[in-house]
There are 4 protein chains.
Amino acid sequence: MSPATRSEESRQAIIEAALGLCVERGFASTTIEGIAARAGVGKTTIYRWWPSKAAILIEGVENARDAAAGFPDTGDIRADLAAQTSSVMRLFNTEFGEIWRGLIGAAQSDEAAAEGVTRILRVSIDACVERLATARDAGQIRTDLDLEMAVELLYGPIYHTWLLRTRPLPEAYMESVLATLLPALVPAPDPH
Amino acid sequence: MSPATRSEESRQAIIEAALGLCVERGFASTTIEGIAARAGVGKTTIYRWWPSKAAILIEGVENARDAAAGFPDTGDIRADLAAQTSSVMRLFNTEFGEIWRGLIGAAQSDEAAAEGVTRILRVSIDACVERLATARDAGQIRTDLDLEMAVELLYGPIYHTWLLRTRPLPEAYMESVLATLLPALVPAPDPH
Amino acid sequence: MSPATRSEESRQAIIEAALGLCVERGFASTTIEGIAARAGVGKTTIYRWWPSKAAILIEGVENARDAAAGFPDTGDIRADLAAQTSSVMRLFNTEFGEIWRGLIGAAQSDEAAAEGVTRILRVSIDACVERLATARDAGQIRTDLDLEMAVELLYGPIYHTWLLRTRPLPEAYMESVLATLLPALVPAPDPH
Amino acid sequence: MSPATRSEESRQAIIEAALGLCVERGFASTTIEGIAARAGVGKTTIYRWWPSKAAILIEGVENARDAAAGFPDTGDIRADLAAQTSSVMRLFNTEFGEIWRGLIGAAQSDEAAAEGVTRILRVSIDACVERLATARDAGQIRTDLDLEMAVELLYGPIYHTWLLRTRPLPEAYMESVLATLLPALVPAPDPH
DNA sequence: AGTTAACCGAGACGGTACGTCGCGTCTTGTT
DNA sequence: AACAAGACGCGACGTACCGTCTCGGTTAACT
């Protein structure tokens, strides 16, 4: 009466194969057939549980992310933002960057992929918002700031430059951005 | 209609077919075969002049852009930035937005498409930089500002929100962004 | 329903499902999965007891045949042959005909199916041979006749026409065949 | 304006590959994919011109048949029938036999294949009927005989035994059949 | 004025991957 | 131990497009 149960082994193998192929051959050249072959799995098993290759990669990224840390909190919001945003920027130049780039690309014409991307981002954004809220409560950030928008001001430039490839991102990019942007986010100095 | 020399008629038909299909069926479902069929053109003619569907669309977008205006200059940088960025943002919700979204998506795993996207953007960025330079010379913008980065701070939030779909863009989005961001771009007030 | 011992209920359901599907959808479109679903049975149960769909149908046909009569014997061999062969011919135009046709088709490239078909036929052929032997002993058939071959002369034309579809079988087909063939099978008239 | 033209080279390669695979692996194990691979041809090319593997083989058989002889006519109908039918019977034990068997099998549940099989047979049957007509006009065959039926009486036993595998066909099978059957086909002797 | 060569439409070609179907096996609880 | 349910690896299906390649058939430009 009970249905045969899903093979966790296959699930893992499929996700790893997808991530591996995406890194080795790029997102566009990664195919369901290729994933099935490398995972030693039937295509049917993939189609039974995922609607597209993007969905597999999204699950892979979420798995990895779940095993990772949150936003740092040293008490110094400027240092924490610099650390976190720079680390994200550096991540974009790794293997993960290529996967993430492919997913965002797919999301532009695949509603389901878009949902996954948004779901992944939501977590990071919320973490950043929360850190900013802590900083605000500590008097390090203006109280009248829309924190969601603040996140967009912080990460927008990175994504703009990285996705649209308008220029190479310098190592110290976020230092410059923060130097310009932060004064607009902190409380106005006492006018005395 | 002319042999031994390129048919302008076919070129137009192909670009229009590509744009039309992209709007009607979406970027991903637009195929070279479909474009050829709708344009009443042989596939060979397409492959002779363009390397990919993205290239056709890029040419179409460039055509359209060339027939459009540059950056406004009313003398009031804040008003001009507000006008231009808002107009861009509104554009993203039109048919053009879907084409542009598809191209940016394709650019994530297609080097040639990426080049085209960058080429298109370069023009807009340069126009914005130039307007900022004028404003700076007029004392409306800090002299020590990296203008390229300033553009990224202005458009980054729009692209971040629009491409990553983290939330719907409110109508007055750029008003808020500018309210927060501009104080950081204008010259510091005389401390006396 | 009953563990540790074969479920007769399932056996019946499977055979009936197989026959039903074969009649409704045709032999080629009848699948093991379809049979299992219609019978409300697990595929394992089918594979445990039968090697192929042909085997199920063969069992079904044998079941039906076992419930049917043998060769008629009115004492008049001509009448009996006419009755029996015509009845077989008529059977080929019923639902059973489609099943039987499918089985013979499968038998052409499936050794096991071929065996089943032959086994089923053997019974009918032996019955016919026996009837002919009785007739021979009664002086109605030549004593030097190879009875096995006689059966082939009788049924060969039917199968030839039915399987190879060279022409529609007229209602009175066997009357004509017997009119031509029988004189060759009966004892030569006394030359006085 | 003119459409690109069909590749005769591919057509030949496909037919030869199909016949070859059918001989080597058997009809059931011959697949469109296998044919395409062996012929060095895209699957599309096969599907563009043939509806099924049976259709390819039918074309192959027709090609071969067109290059073959008709019915012999030595003036002696008995000898000619013996020669022709025995040669057909021998053919069934060759590679061709396996192909022909497969096609007849497929024809039992594939309307298109059935049509092809019938079309092929029609030629042979007509040739036989014609030969019988010549013999009849020469006084060697009864004038009141349905010649189509006569063909069925001649070939029916062969197909019955070969397709239904009720027993191995002895080498001299047709000698026996003709010895029994022919007296029924020739004109009645003068009763004086 | 006639020749010629590049470009045109059409679409067949060898391929790759698609997403689906059914195979026969295996696994999981239930009876 | 046999059962229903159904997931699994596998192989073939028939389809959609890819990018390349003939095919005639136009003209524009150069003899």
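Lettering follows sequence order; numbering is per chain, from 1.
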Can you see if the side chain of [X] gets near the phosphate of [N] - specifically, an N or O under 4.0 Å from OP1 or OP2?
| X | N | value |
| --- | --- | --- |
| A:Thr31 | E:dT16 | no |
| D:Thr45 | E:dG14 | yes |
| B:Arg48 | E:dC8 | yes |
| B:Trp49 | E:dC8 | yes |
| C:Thr5 | F:dA1 | no |
| C:Ser7 | F:dA1 | no |

Please state how far atom [atom1] in [X] lies from atom [atom2] in [N], giving the value in whole angstrom units.
| X | N | atom1 | atom2 | result |
| --- | --- | --- | --- | --- |
| D:Lys53 | F:dA12 | NZ | C1' | 11 Å |
| C:Ile32 | E:dT25 | CD1 | C1' | 13 Å |
| D:Ile14 | E:dA12 | CD1 | C1' | 12 Å |
| A:Trp50 | E:dT20 | CH2 | C1' | 18 Å |
| C:Ile35 | E:dG22 | CD1 | C1' | 12 Å |
| D:Glu33 | E:dG14 | CD | C1' | 14 Å |
| D:Ile46 | F:dC13 | CD1 | C1' | 12 Å |
| D:Leu21 | F:dA12 | CG | C1' | 14 Å |

Between C:Ser52 and B:Val41, name the one whose nearest nucleotide on DNA chain E is closer to the 5' end.
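Comparing both residues, the 5'-ward one is B:Val41.
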If only atom types and distance count, is the side chain of B:Arg165 paired as donor or acceptor with the main-chain N or O of A:Ala107 below 3.5 Å?
yes
Counting distance only, does the side-chain N/O of C:Arg25 pair as donor-acceptor with the main-chain N or O of C:Thr31 below 3.5 Å?
no
In this structure, CD of C:Gln108 is separated from CG of D:Leu103 (nearest 0.5 Å) by 11.0 Å
For C:Gly34, which contact category applies under a 4.0 Å heavy-atom criterion: base, sugar-phosphate, or nothing?
nothing
In the structure I gave you, are the side-chain heavy atoms of A:Leu164 and B:Thr118 within less than 4.5 Å of one another anywhere?
no
When you compare the side chain of B:Ile15 with that of B:Arg11, does any pair of heavy atoms fall below 4.5 Å?
yes
DNA chain F: A:Ala39 or B:Thr30, which has the more 5' nearest nucleotide?
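With A:Ala39 and B:Thr30 compared, the 5'-side residue is A:Ala39.
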Of A:Glu8 and D:Pro51, the one whose closest nucleotide on DNA chain F sits nearer the 5' end is A:Glu8
What's the closest nucleotide to the side chain of D:Tyr47 if the choices are E:dC23, F:dG14, F:dG9?
F:dG14
What's the closest nucleotide to the side chain of B:Thr44 if the choices are F:dT22, F:dC18, E:dC13?
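Looking only at heavy atoms from C-beta outward on B:Thr44, the closest nucleotide is F:dT22.
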Pair of N/O donor and acceptor under 3.5 Å linking F:dG14 base with D:Lys43 side chain:
yes
Measure from NZ or CZ of B:Arg6 to the centre of the six-membered ring of B:Trp49 and say whether it is under 6.0 Å with the direction within 45° of the ring axis.
yes
